[in-house]
Participant: 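Have a look at the structure that comes next, please.
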Amino acid sequence: KERIHDLLKINVEHQNLNADLRKEVKYLKERAVYYQDMCDQLKKENRELRNMGKDFINEHRNKGNI
């Protein structure tokens, strides 16, 4: 009986640990999605800024300013 009680207690502890780990994994997955979205947005903005810079240089080259 004592061994069964000990095993049941360990089982409950493992279930609680598993639940905590599942919560942490879910949180980290959500953060990963958030950071991936942020990274994609920054890449897009970076491309747009580079294109603006190229367009600016080309415009002034065509006018003979550079």
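When a residue number appears, it is its place in the shown sequence, counting from 1.
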Participant: Quick one: CG on Leu7 to CD on Glu2, what's the gap to the nearest 0.5 Å?
Facilitator: 11.0 Å

Participant: Pair up each side-chain donor or acceptor in residues 37-49 with any protein partner under 3.5 Å, not counting sequence neighbours, and list the distances.
Facilitator:
unit_1: Asp40; atom_1: OD1; unit_2: Gln36; atom_2: NE2; d: 3.1
unit_1: Gln41; atom_1: NE2; unit_2: Glu45; atom_2: OE2; d: 2.9

Participant: If you group Ile, Leu, Val, Met, Phe, Trp and Tyr whenever their side-chain heavy atoms sit less than 4.5 Å apart, what else falls in with Leu8?
Facilitator: Ile4

Participant: Is there a side-chain contact between Tyr34 and Glu30, using heavy atoms and a 4.5 Å cut-off?
Facilitator: no

Participant: Hey, is CZ on Arg3 packed in by over 12 heavy atoms from elsewhere, all under 6.0 Å?
Facilitator: no

Participant: Indicate every side-chain donor-acceptor pair of residues 9-27 with a distance under 3.5 Å to a residue at least two apart or in another chain.
Facilitator:
unit_1: Asn16; atom_1: ND2; unit_2: Val12; atom_2: O; d: 3.4

